[in-house]
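A note on names: the letters A, B, ... follow the listed sequences, proteins ahead of strands, and every chain is numbered from 1.
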There are 2 protein chains.
Amino acid sequence: MSSDKAPVMSDVAARAGVSHQTVSRVLNSPDLVRPATRARVLRAIEELGYRPNLSARALATKRSRLIGVVYPSGLLFGPSHTTMAIQDAARAAGYTTVSASTEGATASPHDTLEFFLDLAVEGIVIVAPTTETAQAARRLAGSLPVVIIAAGLGAGTPAHVVAVDHQLGARLATEHLLARGHRDIVHIAGPENWFDARARIAGWRAALTDAGLPVPDVLPGGWDARTGYAVTRELVRRPSLPTAVFAANDLLALGAMRALHEAGLRIPEDVAVVGYDDVPGSDHYHPPLTTVRQPFAEVGHQAIEVLLAAIRWSEPGEVLSRPQLVVRRSSGPQPG
Amino acid sequence: MSSDKAPVMSDVAARAGVSHQTVSRVLNSPDLVRPATRARVLRAIEELGYRPNLSARALATKRSRLIGVVYPSGLLFGPSHTTMAIQDAARAAGYTTVSASTEGATASPHDTLEFFLDLAVEGIVIVAPTTETAQAARRLAGSLPVVIIAAGLGAGTPAHVVAVDHQLGARLATEHLLARGHRDIVHIAGPENWFDARARIAGWRAALTDAGLPVPDVLPGGWDARTGYAVTRELVRRPSLPTAVFAANDLLALGAMRALHEAGLRIPEDVAVVGYDDVPGSDHYHPPLTTVRQPFAEVGHQAIEVLLAAIRWSEPGEVLSRPQLVVRRSSGPQPG
DNA sequence: GGTCAGAATGTTAGCGTTAACGTCGACCGT
DNA sequence: ACGGTCGACGTTAACGCTAACATTCTGACC
């Protein structure tokens, strides 16, 4: 009858007839131990169901193998995808992720930081940051490798950046509308303290400017349907309507479409609508929504790749990946 | 100039003129140390910016203070909310959560289990399980406290159960439609291996039976809009249409509404629709969707409460919380 | 066959914390 | 004034692992 306690390294060593250090070596640098011994040790590990104690290992090596992930508590779609990809990638590399939402009622960025410091994380990934979280990140970056998932943080960012090129995404959306003959395209923006929102504004603006068109005022928005609805209700009261609306995300677009319907306008015949994100369901909106799909998972993987590199070496860099336009009914038929 | 290394307990002890054990006591059982000494120690901690090393603590106490959270990778809305609540509650209790999605391409339930065992989690919460994950949970429950967030797992479940009463939720939805005069109410179900989906079927069925109505066949579905669309397209081909559709979630309802629109049917005049979940945007669907809102956060908090109790004592129990009907346009006007 | 290099393994000493026990006073009753 | 009790604190020994160094073994070479 075997003891009921979890086996430790010396148990394995005893069973294999070697010292505990040899067991450690088999686990950490297998090449240093002769194949025959290695096999004996591995068999003993197997037979006993031995699992290394990670706390002890962390204590001895002074490496926690933990990565902190900060994400906005409000948004659940994109960040969830990215976070999952981050988890997978980290785990594949032998790291464990610990996540904490921020800017919720629950915890301030400062609390979150404390939390991560207590856990002795080796690095931090910040998903979809606002100006506030970026600032917190900046303080962090001195002492710890930080990867920020967002572009356009300004010069001198000491953190590594992995991002989707939202400026490109917004440009794709806008140019798509331009190609369909639209000349009066308004933009309902995301919250102004979000980098992602700013990038989309810039892309929309650039596309219009490149086409030699005047750039209308940005319609200040948010991320939710209610806001898109409210903003668009104001919009349809104006004497002259735009022929197309480009919304900073799909929920805004959804709200906008409701307001347009209620005003008796047809989509896309009277007003075309394009969203951003391709959230679940957007392909069944009324009408199905033309939108921009982000490579969420790709970004998550890249973030970990960059972070792990940063943990070993350093040198802040920037990685951009490309979003993709998804054309559906809301933006109208192929132009004649 | 202070040393650059992170201060450890003995540094604090030296500065406060006590032994390291006294510092430990101040942290763990403050009542055992005289107020004056305690104050000195606390000040030293403050001044040095000392943080206890969690690995060392875990090693000495044999308690990892880690909780594993398993959630389905497919669904992102509900689980995200619940997971966030779980994180908050756990953190408030001094625990850290580590999450892993399962049933994705990435990791089998078995891998996830291994992962958690390696981390030496003290307990596991399973969010929104299918029959498969429940089975894995059953194996686990012998060796580790497990809380499953779902009801109806069958007798003899060794795990603790925290759940939303989906049977009640489905009943509320169905009775709402009955109250509006509907007599022919079909149900588009979720995937059959989901406990939540089964409970909703049961609630719908019970409500119809209680009203003395025949129960039509369940329309087998899934969780996504595409399925709701496809199923409803079949439905509208039938010679006699139901007057109301109760869908197992909002995306199914969304897909159903699209199919109804395309068939030239008006919502709610020709066919009423009710969903489940109250996902973001459902209040701006076309028309705004009557649905059932789940207390996601509440469930998360309860899950941790129950799990922590289980970690100390034991005794599997069951906690149910109540969902809430949200009436909007898609289910029609108040009956005359 | 003895020497020596280098590979293979063993020994010892931490990592930073808590647990278990020991010590030292102060204060009580008599 | 003296033993006994209890509160406050110190000392020592784990916890399970890796790092650094010491030792033994292996085989090639002369």
Exercise. With sequence neighbours excluded, what pairs up with B:Ala163 under the side chain to side chain contact (heavy atoms under 4.5 Å, CB included) test?
Worked result: B:Ala151, B:Val161, B:Leu320
Exercise. Which residues within residues 48-67 of chain B lie with some heavy atom under 4.0 Å of an atom in DNA chain D?
Worked result: B:Leu59, B:Ala60, B:Lys62
Problem set entry | Close residues, residues 18-28 of chain B, relative to DNA chain D [heavy-atom separation under 4.0 Å] | B:Val18, B:Ser19, B:His20, B:Gln21, B:Thr22, B:Arg25
Seminar exercise, completed: side chain to side chain contact (heavy atoms under 4.5 Å, CB included) test vs B:Thr97 passes for just one of B:Arg91, B:Gln87, B:Met84, namely B:Gln87
For this session: Assess whether side chain to side chain contact (heavy atoms under 4.5 Å, CB included) is satisfied between A:Val164 and A:Phe296, documenting all intermediate values.
Result: CA-CA 8 Å; A:Val164 175; A:Phe296 289 113; over 6 Å; no
Exercise. Using rotation axes that map the C1' atoms of four end pairs onto the next four (five pairs an end), what angle separates the end axes of the helix from C:dG1-D:dC30 to C:dT30-D:dA1, to 10°?
Worked result: 50°
Seminar exercise, completed: chain B vs DNA chain D, heavy-atom contacts under 4.0 Å, first-to-last nucleotide span, 5' to 3', is D:dA8 to D:dG16
For this session: Return each pair, listed once, that meets side-chain hydrogen bond (donor to acceptor under 3.5 Å, both in side chains) where at least one residue sits in residues 58-67 of chain B; pairs must be two or more places apart or across chains.
Result: B:Arg63-B:Tyr95, B:Arg63-B:Glu122
Exercise. Are A:Ile67 and A:Val121 side-chain neighbours, meaning at least one heavy-atom pair lies under 4.5 Å?
Worked result: no
Exercise. Which residues pass the salt bridge (charged side-chain N to carboxylate O under 4.0 Å, His left out) test with B:Arg15, sequence neighbours left out?
Worked result: B:Glu47
Exercise. Quick one: are B:Val98 and B:Phe115 in side-chain contact, heavy atoms under 4.5 Å?
Worked result: yes
For this session: Would you mind reporting whether B:Ile124 and B:Val147 have side-chain heavy atoms less than 4.5 Å apart?
Result: no
Exercise. Should the pair B:Trp223 and B:Trp194 be assigned to parallel (<30°), tilted (30 to 60°) or perpendicular (>60°) ring geometry?
Worked result: perpendicular
Exercise. Of the residues in residues 33-44 of chain A, which ones touch DNA chain C at a heavy-atom distance under 4.0 Å?
Worked result: A:Val33, A:Arg34, A:Thr37
Seminar exercise, completed: So salt bridge (charged side-chain N to carboxylate O under 4.0 Å, His left out) across residues 17-40 of chain B, not counting sequence neighbours, yields none
Exercise. Got a sec, which residues hit side chain to side chain contact (heavy atoms under 4.5 Å, CB included) with B:Ala150, two or more places apart in sequence or on another chain?
Worked result: B:Pro129, B:Ile148, B:Leu153, B:Phe195, B:Asp196
Problem set entry | Pair A:Arg51 + B:Asp118, salt bridge at N-O below 4.0 Å | yes
Exercise. Is B:Gln135 atom CD crowded by more than 12 heavy atoms from other residues, nucleotides or ligands, each under 6.0 Å away?
Worked result: no
Problem set entry | Partners passing side chain to side chain contact (heavy atoms under 4.5 Å, CB included) against B:Asn193 (at least two apart in sequence or in another chain) | B:Thr130, B:Thr131, B:Glu132, B:Pro191
Seminar exercise, completed: The side chain to side chain contact (heavy atoms under 4.5 Å, CB included) partners of A:Val8 (sequence neighbours excluded) come to A:Ser10, A:Asp11
